[in-house]
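Model, not experiment: these values are computed from the prediction. All chains are named by letter (A, B, ...) in the order of the sequence lines, taking the proteins before the strands, and each is independently numbered beginning at 1.
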Number of protein chains: 2
Amino acid sequence: MPKKVDHEQRRTRIAEALWGIAASRGLEAVSMREVATAAGMSIGLVQHYFASKDEMLLYATVLLRDRLSERLRHGLAGMESAAPRDVLRALLVTLLPLDAEARTETLVGVAVFIRALNDETLAARYREGQTRLAAAVAGCLQGLTTDPGTAADTLLALVDGLASGLLLGHHTPEHAISILDRQISQMTESSVRLTE
Amino acid sequence: MPKKVDHEQRRTRIAEALWGIAASRGLEAVSMREVATAAGMSIGLVQHYFASKDEMLLYATVLLRDRLSERLRHGLAGMESAAPRDVLRALLVTLLPLDAEARTETLVGVAVFIRALNDETLAARYREGQTRLAAAVAGCLQGLTTDPGTAADTLLALVDGLASGLLLGHHTPEHAISILDRQISQMTESSVRLTE
DNA sequence: GTTATCGCCATATGATCGTATGGCAAAGGA
DNA sequence: TCCTTTGCCATACGATCATATGGCGATAAC
């Protein structure tokens, strides 16, 4: 057999090149040629690792989700024994596009969201991710508020909207975090009030 | 002079055809040919009314914003003397994609949002619209809560996130409205509590 | 040393894109 | 009646797209 290369590494490099293009110029600017150029490869090589553009896109989105999971795990590292409220805040803040890496991921996520609107397979994956996130958030809220399920949906919808505002530059990071903190406080405080 | 036609009507028909394509298959599926076919025109006729694709897109987005204004005005009709809280609720509910028309508008809005992320002109228009909306919402909240500005940003971000969930089918209309109502109640109630 | 296989590449193909161009029918002013 | 203007259309052009194809070193097995 001839020389061996790490296929996974090649695919990752291609996917990252794709993200860069999608984040800076939108998913519609993503073409085999552009991706190949950005990755420093020939078009043929990209074709060699992904039989079609759709396959490449699929791989890139799956890898993106994995990166988000990783980012969440990293953001929550060492908080196993922290107060649920602090875990909750860390989780939600990690979801916001506050640094370059998170911004790229969110931008690509939005681009994929658009595609999901007309692709039931993608939409189902999206919903599943949201449901899982909501479960995690609701878990943090257990005992902190009445109806943790609704509260979780509320917080996630808020984070979603804040992310849009951040991407557009309509909100500053400080403003977005302040809004989020105020909401968390209000939700946890009001429960105390209601249970008194 | 030869026969006269209503240019504005022609342009509107083209824009509506564009919306239909953008809403059902995404903005990237929008091409001169597709729009012409959907509008029941020749490609040349579309070219006759819009010198370029960008010009067509611009017109379609401006008209979209006008339609949203109209929808808001219609949703708030006859509420001039209603309680601010009811006006607020009507305004926010009108922003949600609850019927087919609103859904199309929101879908196109999201598609344009994506483009705005890499187009500073569009982004500026988007931010201006958001700012104006926030001012209207804050106006409704005057006296109902402390810091109406932050409350307005919170509510609009929440509505944004709820809209995403509705588009994807992750939330049902009833669920989204219930979340919104709960939030409005919490915000207005808590202020009463704080000012007591 | 021969050979099969793997990594990779250059180029071709057919489709579709935005846009440019030239012309035709109709209608009203001269 | 002639002529200019307007509305509209068919076609062409160059670019770019996704994808298919054939081939060229290099390497490891034999």
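When distances run from any side-chain atom of A:Leu45 to the nucleotides C:dT19, C:dC9, D:dC9, the shortest one goes to C:dC9. Of the candidates D:dG7, C:dC17, C:dC9, C:dC17 carries the atom nearest the B:Lys53 side chain, counting heavy atoms from C-beta on.
Note on B:Leu168 and A:Leu107: same hydrophobic cluster, where clusters join Ile, Leu, Val, Met, Phe, Trp and Tyr whose side-chain heavy atoms are under 4.5 Å apart, directly or indirectly. Following chains of ILVMFWY side-chain contacts shorter than 4.5 Å, one cannot reach B:Tyr126 starting from B:Val62, and the two form parts of different hydrophobic clusters.
Looking at heavy-atom distances under 4.0 Å, B:Val30 makes contact with sugar-phosphate atoms alone, never a base. Contact annotation for A:Tyr49: backbone-only contact, meaning every heavy-atom pair under 4.0 Å involves sugar-phosphate atoms and none involves a base.
Under 4.0 Å is where a charged nitrogen must lie from a carboxylate oxygen, and between B:Arg127 and B:Glu120 at least one such pair does. Between A:Glu105 and A:Arg71 there is a salt bridge, since a side-chain N of the basic residue sits under 4.0 Å from a carboxylate O of the acidic one. Salt bridge status for A:Glu28 with B:Arg115: present, with a side-chain N to carboxylate O gap under 4.0 Å.
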Nucleotide N/O to protein N/O under 3.5 Å, stretch nucleotides 14-16 of chain C:
none

Please write out the pairs of protein N or O atoms and N or O atoms of nucleotides 20-24 of chain C separated by less than 3.5 Å, giving the distance to one decimal.
{"from": "C:dA20", "atom 1": "N7", "to": "B:Gln47", "atom 2": "OE1", "distance (Å)": "3.2"}
{"from": "C:dA20", "atom 1": "N6", "to": "B:Gln47", "atom 2": "NE2", "distance (Å)": "3.0"}

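Between the CE atom of A:Met32 and the P atom of D:dA15 there is a distance of 23 Å, rounded to whole Å. What separates CD1 of A:Ile14 from P of D:dA18 is a distance of 14 Å, to the nearest Å. Distance NE2 (A:His7) to P (C:dT5): 16 Å, rounded to an integer number of Å. Look at CE on B:Met56: it is 12 Å from C1' on C:dT19, rounded to the nearest Å. In this structure, the CZ atom of A:Arg10 is 13 Å from the C1' atom of C:dC9, given to the nearest Å. The distance between atom CD of B:Glu55 and atom P of C:dG18, rounded to the nearest whole Å, is 14 Å. Rounded to whole Å, the distance from CG on A:Asp6 to C1' on C:dC6 is 15 Å. Put simply, NE2 on A:His48 is 17 Å from P on D:dG23, counting in whole angstrom units.
Remark: B:Arg125 pairs with B:Thr61 by the side chain to side chain donor-acceptor pair (under 3.5 Å) rule, at least two apart or across chains.
With A:Pro148 as reference, A:Leu141 is the one residue of A:Asp153, A:Val137, A:Leu141 to meet the side-chain contact (heavy atoms from CB on, under 4.5 Å) rule.
Contact record, A:Phe50 with A:Arg11: CZ-CG, 3.4 Å, taken as the closest heavy-atom pair.
B:Ile179 CD1 to A:Leu156 CG: the interatomic distance, rounded to the nearest 0.5 Å, is 9.5 Å.
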